[in-house]
Amino acid sequence: MEGKLYLCATPIGNLEDITFRVIRTLKEVDLIAAEDTRNSIKLLNHFEISTPMTSYHEYNKIDKGHYLVGLMQQGQQIALITDAGTPGISDPGEELVAMCHEAGIPVTSLPGPAACITALTISGLSTRRFAFEAFLPTDKKEKQAILEELKEETRTTILYEAPHRLVRTLEELVDALGNRRVTICRELTKKHETAFLTTLQDALEYYRQEDPRGECVIVMEGRSRKEMIEEKQRAWEEMSLEEHMKIYEDQGIGRKDAMKMVAKDRGISKREVYQGLLENS
């Protein structure tokens, strides 16, 4: 029998969110690889699952990954679970999946809870286009590079953060991005679930006074395309029409085409560009 890896999504809070398919699979596989066996045993006991477990986490993902691949190559069926949510999303599961693909072992994902999608759908912000950043890097240079990229990000952005680091992260977001709309989600699917629709600055002031509890998901509005266009137009307007035309003409672009490009940059008609050049000549 061919071995296989099953990525099993587990509840992020409310145990009723587990699927029948995940329960059945966890009972049928030969082994369950869990991020924290001490945490996962509570889940298994609740659903009367007696399948053996082994640990698979950030600090043993390489050695244990090779071990698990070896078991699957011998025909064993293995389920991967994280402490909460979907394996492979902001956890070492992606490493094991990559190893399986390299070894030719089939992988399947059993859909279910994911904090990022749960938070996005209740955020009140745009869900059509979004970017998932998970936790910001701890390395200062890498974090700064990510924040620079987020300045121009037009999609709704989803971030994870621990409660004791929330204020610091909000400070960094305000400094880098200004005051955008944001929803802070906490205790998702639990009794005290909250979705706080506010702004970065107001959220910062609030959590400086109130200690956040529970894992946090920050859902942040993307930069307005309209504002970006207007900002570029204002930058062009700081130079004269002649200087603007010269930029394109120096590139060998004909005068008529240069006028079209200047008109587009400034959000005006070609006739207005022509008349402006005449008036200044």
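Starting from 1, each residue takes its place in the sequence as its number. Treat the numbers as computed from the prediction; the structure is a model and nothing was measured.
Between the side chain of T82 and the main chain of G85, no donor-acceptor pair closer than 3.5 Å is present. A donor-acceptor pair under 3.5 Å is absent between the side-chain atoms of Q251 and the main chain of I253, judged by distance alone. No side-chain donor-acceptor contact under 3.5 Å links Q76 to the backbone of M72. A donor-acceptor contact shorter than 3.5 Å is absent between the side chain of D202 and the backbone of T199. Panel note: side chain T86, backbone I89; no donor-acceptor pair is recorded below 3.5 Å. No donor-acceptor pair under 3.5 Å is formed between the side chain of T183 and the backbone N or O of G124.
Note: R213 CZ to T194 OG1 = 12.0 Å, rounded to the nearest 0.5 Å. Atom NZ in K140 sits 13.0 Å away from atom CG in L147 (nearest 0.5 Å). One finds the CD atom of Q201 at 5.5 Å from the CG atom of N179 (value rounded to the nearest 0.5 Å). Here the straight-line distance linking atom CD of E133 with atom SG of C116 works out to 12.0 Å at 0.5 Å rounding. Atom CG of L173 sits about 5.5 Å away from atom CG of L200, to the nearest 0.5 Å. Distance CD/Q77 to CG/L31: 11.0 Å, rounded to 0.5 Å.
At a threshold of 4.5 Å between non-hydrogen side-chain atoms, the residues I18 and F47 count as touching. Between T169 and L136 the shortest side-chain heavy-atom distance falls below 4.5 Å. In this structure, the side chains of E171 and V174 stay at 4.5 Å or more apart for every pair of heavy atoms. A 4.5 Å side-chain heavy-atom check between I78 and L71 finds at least one atom pair inside the cut-off. In this structure, L43 and P11 have side chains that are in contact, with non-hydrogen atoms separated by less than 4.5 Å. Counting heavy atoms from C-beta outward, L166 and I218 have side chains that approach closer than 4.5 Å. The closest side-chain heavy-atom distance from L26 to I81 is below 4.5 Å. Counting heavy atoms from C-beta on, the side chains of T156 and T127 never come closer than 4.5 Å.
We find that K141 and D139 are not joined by a salt bridge, their nearest charged nitrogen and carboxylate oxygen being 4.0 Å or further apart. Ion pair E152/R223 flagged as a salt bridge, since at least one NZ, NE, NH1 or NH2 atom sits closer than 4.0 Å to an Asp/Glu carboxylate oxygen. In this structure, K151 pairs ionically with E148, as a charged nitrogen and a carboxylate oxygen lie closer than 4.0 Å. Ionic pairing of E221 and R180 is not present here: no N-O contact between side-chain nitrogen and carboxylate oxygen is shorter than 4.0 angstrom.
Side chain to side chain, E35 and Y56 fail the donor-acceptor criterion of an N or O pair below 3.5 Å.
With sequence neighbours left out, D265 forms a side chain to side chain donor-acceptor pair (under 3.5 Å) with H244, Y248. In terms of the side chain to side chain donor-acceptor pair (under 3.5 Å) criterion, residue partners of E28 (sequence neighbours excluded) are, by chain and number, R24.
Atom CZ of R129 has more than 12 heavy atoms from other residues, nucleotides or ligands within 6.0 Å. Within 6.0 Å of CZ in F130 there are 12 or fewer heavy atoms belonging to other residues, nucleotides or ligands.
Cluster membership for L120 and L159, using ILVMFWY side-chain heavy atoms within less than 4.5 angstrom, is not shared. Cluster membership for M220 and L204, using ILVMFWY side-chain heavy atoms within less than 4.5 angstrom, is shared. Transitive grouping of hydrophobic side chains (ILVMFWY, heavy atoms separated by less than 4.5 Å) keeps V217 and L150 in distinct clusters. There is a path of hydrophobic side-chain contacts, each under 4.5 Å, that joins V167 to L177.
Across every non-hydrogen atom of P163 and C216, the tightest pair is CA-SG, 4.2 Å. Taking each heavy atom of P212 and R186 in turn, the nearest pair found is CB-CD, 4.3 Å.
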Task: side chain to side chain donor-acceptor pair (under 3.5 Å) assessment of K64 paired with T54 - done: CA-CA 9 Å; K64 182 56 74 72; T54 187; 2.8 Å; yes
